[in-house]
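Working notes, structure below.
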Number of protein chains: 2
Amino acid sequence: MKRKTFTCGLDAAIAVMGGKWKALILWELSQGPLRFGELKRSVPGISERMLILQLREMQTTGLVAREVYHQVPPKVEYSLTDFGHSLISVLIPLGKWGEEHMEHIEATTSA
Amino acid sequence: MKRKTFTCGLDAAIAVMGGKWKALILWELSQGPLRFGELKRSVPGISERMLILQLREMQTTGLVAREVYHQVPPKVEYSLTDFGHSLISVLIPLGKWGEEHMEHIEATTSA
DNA sequence: TTCAGTACTGACATTTTTGTTAGTGGAGGT
DNA sequence: ACCTCCACTAACAAAAATGTCAGTACTGAA
C-alpha cells in the first residue's frame with residue numbers, strides 16, 4: 001500500500017483488496033450492512049484494531065461507507081458502496097474458484 | 001500462508017495468489033512460458049530472490065511448472081499449469097476492474 | 001456495585017514479508 | 001585476462017503487516 005503507480009490492473013486491484021482481512025470483510029458486507037460488533041463477530045479471529053484499520057482504509061478508497069446513528073448505545077453501521085459492490089461482483093468468481101480448489105490449496109500452502 | 005483452514009473461498013484464493021508479486025508473475029506467464037531471466041526483466045522492480053521465492057511457492061501450489069533444459073548456458077522455463085490457467089481466467093475480470101478504476105485507486109491508496 | 005456491551009484509540013511487541021548484498025561455476029565475447 | 005550472462009543460493013537487514021493489551025465514556029442489567 002505504498003505505491004502510486006501500478007504496472008497492471010491486477011496490481012491496482014490487489015492494492016485495494018489485498019491483505020489478510022479485506023476480502024473477508026467485503027464478503028460479509030456484501031450480504032448487507034453490519035455494525036462494528038456484528039462485523040467483528042462474523043469475521044472470526046480478527047482483532048478490533050485490525051477491523052478498524054481495514055475499515056478505515058476501505059473507507060478512504062471508497063469501498064465502504066460508515067454511518068453513525070446518534071443513539072445511546074452508539075450504533076455505527078458499515079455497508080458497501082456501489083464501488084464496493086462492483087468489486088465484489090468480480091471477486092465472486094475468484095471466491096468460487098477458491099472454494100472449488102480449497103482442499104488442494106489447504107494441502108499445498110505451507111506447513 | 002500459515003493456515004490450514006479457510007473461512008471462505010476468497011480466503012483460500014488469496015492464500016494462493018496474494019502478496020506483492022504473484023499476480024504479476026501469473027499475468028506475465030499467462031502470455032506464454034518465460035525463462036527466469038526474461039521473467040525477471042518483465043516484472044519491473046522484482047529482485048531475483050523474490051522471484052524465485054514466489055516461483056517456488058507457486059510450484060508447490062501447482063500453479064506454475066518449471067522445466068529445465070540441460071544446456072550449457074542453463075535454461076529454465078516457467079509456464080502456467082492448467083490449474084494456473086484456471087486461476088488467471090478468474091483473475092482477468094479483477095484485472096479489468098483494477099484498470100478501469102486505476103486513477104481512483106492511485107489517488108486514494110496511501111501517501 | 002460490579003459487569004457486559006457499545007465503538008473505538010494508543011502504545012508496544014511480534015511476525016511476516018520484502019529487500020540488499022555477495023557469491024556459485026562454467027562458457028562465450030572483446 | 002576480464003567481464004557478462006545464466007539461474008540460482010545464503011546471510012542478513014529493513015520494512016510492513018498483524019497481534020496484544022489496556023483504557024475511554026456511557027448505559028442497562030444482575
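Below, chain A is the first sequence line, B the second, and so on; all start at residue 1.
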Considering only D:dT18, C:dA7, D:dT27, which nucleotide approaches the side chain of A:Gln54 most closely? D:dT18
Here the distance between atom C1' of D:dA16 and atom NZ of A:Lys22, to the nearest Å, is 12 Å
Of B:Pro73 and A:Gly37, the one whose nearest nucleotide on DNA chain C sits closer to the 5' end is A:Gly37
With a 4.5 Å limit on heavy-atom distance, are the side chains of B:Phe36 and B:Ile52 in contact? yes
Could you tell me how far apart A:Leu55 (CG) and C:dC8 (P) are, to the nearest whole angstrom? 8 Å
Would you kindly give the CD-to-P distance between A:Glu38 and C:dT6, to the nearest whole Å? 9 Å
If you only use heavy atoms from C-beta on, which nucleotide in D:dG19, C:dT6, D:dA7 is closest to the side chain of A:Pro74? C:dT6
Look at all strands and tell whether A:Arg49 reaches a base, only sugar-phosphate, or nothing, counting heavy atoms closer than 4.0 Å. base
NZ/B:Lys75: more than 12 non-hydrogen atoms of other groups inside 6.0 Å: yes
Give, for atom NZ of A:Lys40 and atom CG of A:Leu34, the distance between the pair rounded to the nearest 0.5 Å. 14.0 Å
Tell me whether the OP1 or OP2 atom of D:dA7 has a side-chain N or O from B:Arg35 closer than 4.0 Å. yes
What integer distance in Å separates A:Leu53:CG from D:dA16:P? 15 Å
Spacing of A:Trp21 atom CH2 relative to D:dT18 atom C1', expressed in whole Å: 9 Å
Whole Å only: how far is the CG atom of A:Leu51 from the P atom of D:dT18? 13 Å
Can you tell me how far OG of A:Ser30 sits from CD1 of A:Ile92, rounded to the nearest 0.5 angstrom? 6.0 Å
Base, sugar-phosphate, or nothing for A:Tyr78, non-hydrogen atoms under 4.0 angstrom? sugar-phosphate
Ignoring backbone atoms, test whether A:Arg56 places a side-chain nitrogen or oxygen under 4.0 Å from the OP1 or OP2 oxygen of C:dA7. no
If you compare every side-chain N and O of A:Arg41 against the phosphate oxygens of C:dT6 (OP1, OP2), does one of them come in below 4.0 Å? yes
At under 4.0 Å, does any side-chain N or O of A:Lys20 touch on OP1 or OP2 of D:dG19? yes
